[in-house]
Amino acid sequence: DQEDSLSVTVPAGIEDGQTLRLSGQGDLSREGGSPGNLYVHLEVEDHEHLVRQGPDLFIEVPISYPMAALGGTISVPVLKGETEVEVAPGTQPGDVNVLRGAGIKRLDGPGKGNQVIRFQLAVPRKVSAKAKELLQDLAQELGDPIPERRGLFSRFQKPRKGR
């Protein structure tokens, strides 16, 4: 067995599981003919934040209720680094913002894919007493009073006499 090293140029836009064929870089023929082909199976590493589907990239970005309601600017991971993205006032959970041409180079033609940003509402698990008071005031201002806490099945119970 003999080891050899070879420098390979991997085309931009290659996907996980694809194979490159390097003509004439394989073993020599036993019959004395020319060398065969070398096949290189590629495994593309996942990005820390982005999910790839073909040339397009996807990311879910959490935003606070004030950011969703009022709008603003947030920093979002892109293929190389981060970029500033505008959040429109009144953004709903699941709304998307598309960064055209910010995806992966297309193997089958010119240009690049897109990066799709899906906004998710980040709800804090714990709130301070002051925040709770402000949220209750906001709920009343918006005409959405916070319901009193009751058991899970209380809405299915028949009302008792005298109520």
Any link between [X] and [Y] through a network of hydrophobic side chains (Ile, Leu, Val, Met, Phe, Trp, Tyr) touching at under 4.5 Å?
X	Y	result
V87	V123	no
I59	M67	yes
V85	L50	yes
L99	V116	no
V61	V98	no

To the nearest 0.5 Å, what is the distance between [atom1] ([X]) and [atom2] ([Y])?
X	Y	atom1	atom2	result
L22	T9	CG	OG1	9.5 Å
T19	L42	OG1	CG	7.0 Å
E82	I74	CD	CD1	10.0 Å
D108	K105	CG	NZ	9.5 Å
E86	T91	CD	OG1	10.0 Å
L70	S64	CG	OG	8.5 Å

Hey, is the main chain of [Y] close enough, under 3.5 Å, to the side chain of [X] for a donor-acceptor pair?
X	Y	value
D56	N114	yes
R100	A102	no
Q115	P77	yes
E45	E43	no

Mind checking whether [X] and [Y] have side chains closer than 4.5 Å, heavy atoms only?
X	Y	result
L135	Y65	no
L20	I14	yes
V8	Q25	no
Q18	L107	yes
E133	D137	yes

Neighbour count >12 (heavy atoms, 6.0 Å) for atom CZ, R106: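 Count over threshold, so yes.
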
Residues, nucleotides or ligands: over 12 heavy atoms within 6.0 Å of D27 CG: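 Atom CG in D27 is not crowded, with 12 or fewer foreign heavy atoms closer than 6.0 Å.
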
E84 and T73 side chains, donor-acceptor separation under 3.5 Å: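 Note: T73 and E84 side chains miss the donor-acceptor criterion.
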
Side-chain donor-acceptor contact under 3.5 Å, R21 with S23: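 R21 vs S23: donor-acceptor pair found between side chains.
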
Provide the closest heavy-atom pair for [X] versus [Y] in the form atom of the first, atom of the second, distance.
X	Y	value
P93	L121	CG-CB, 3.9 Å
P35	G24	CB-O, 3.5 Å
H47	H49	ND1-N, 2.9 Å
L28	G33	CD2-O, 4.5 Å

